[in-house]
Amino acid sequence: YERITDCQYCLVPKGVGYTNGRLMESFFSGCVPVILSDAMVVPFDQFLHWPSFSLKVKMPRTTAEAIALAELVEGIPREVGLRMHEA
């Protein structure tokens, strides 16, 4: 967990079921989860406004899509990322 706490964004790939442990790891480590699944169900969504502190995008299937995802995350303005991190 030492390295994950140094990250501002953490990739959360699709797991076997509708959620996975990486989501909880990123949540509790304090980084902004980047959820790579359209189907992942986030816990406590009736109590937590997930879009205020996470990103949800489709899982990249190609190298070009992975590069586009990296560019998307890199392009998030610093102040937006800080707000998400503090939320």
Side-chain angles (χ1 to χ4, degrees):
Y1 291 106
E2 187 174 315
R3 288 197 65 170
I4 198 171
T5 59
D6 292 337
C7 299
Q8 183 168 357
Y9 298 95
C10 295
L11 299 179
V12 182
K14 180 179 175 248
V16 175
Y18 289 105
T19 189
N20 69 29
R22 285 219 165 61
L23 180 61
M24 292 296 105
E25 287 173 356
S26 67
F27 185 73
F28 289 113
S29 71
C31 65
V32 175
V34 179
I35 302 166
L36 303 176
S37 172
D38 295 331
M40 187 181 296
V41 177
V42 291
F44 312 113
D45 62 338
Q46 60 271 52
F47 304 108
L48 299 173
H49 187 250
W50 281 83
S52 68
F53 60 87
S54 68
L55 297 172
K56 194 169 189 180
V57 296
K58 75 175 201 163
M59 180 75 161
R61 303 268 184 230
T62 65
T63 301
E65 288 177 354
I67 291 169
L69 171 63
E71 290 172 347
L72 171 80
V73 172
E74 286 179 341
I76 296 171
R78 180 172 167 74
E79 51 280 351
V80 172
L82 289 173
R83 273 197 311 269
M84 293 176 83
H85 188 74
E86 292 171 354

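From a predicted model like this one, the values you see are computed outputs, not experimental measurements.
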Going by ring-ring contact (aromatic ring centres under 6.0 Å, His included), name the pairs with one or both residues in residues 53-72, residues two or more places apart or in two chains.
Phe27-Phe53, Trp50-Phe53
For Ser26, the option from Ile35, Val34, Val32, Val12 that meets side chain to side chain contact (heavy atoms under 4.5 Å, CB included):
Val12
First locate atom NE2 of His49, then atom OG of Ser54, and finally report the distance between them rounded to the nearest 0.5 Å.
9.0 Å
In short, Leu36 meets Pro13 closest at the heavy-atom pair CB-CA, 4.0 Å
Starting at OH of Tyr9, measure out to CG of Leu55 and round the result to the nearest 0.5 Å.
6.5 Å
Glu65 and Met59 have their tightest heavy-atom pair at OE1-O, 4.1 Å
Which value, rounded to the nearest 0.5 Å, describes the distance between Gln8 atom CD and Ile76 atom CD1?
8.0 Å
Tell me if a side-chain donor or acceptor on His85 pairs with a main-chain N or O of Cys31 at a distance below 3.5 Å.
no
Minimum heavy-atom separation for Ser37 and Lys56, please, with both atom names.
O-CE, 3.2 Å
Can you find a pair of side-chain heavy atoms, one from Ile67 and one from Thr62, that are under 4.5 Å apart?
no
Kindly give the heavy-atom pair with the smallest separation between Met84 and Pro51, and that separation in Å.
CE-O, 4.2 Å
Shortest non-hydrogen contact from Pro43 toward Leu23:
CD-CD2, 3.7 Å
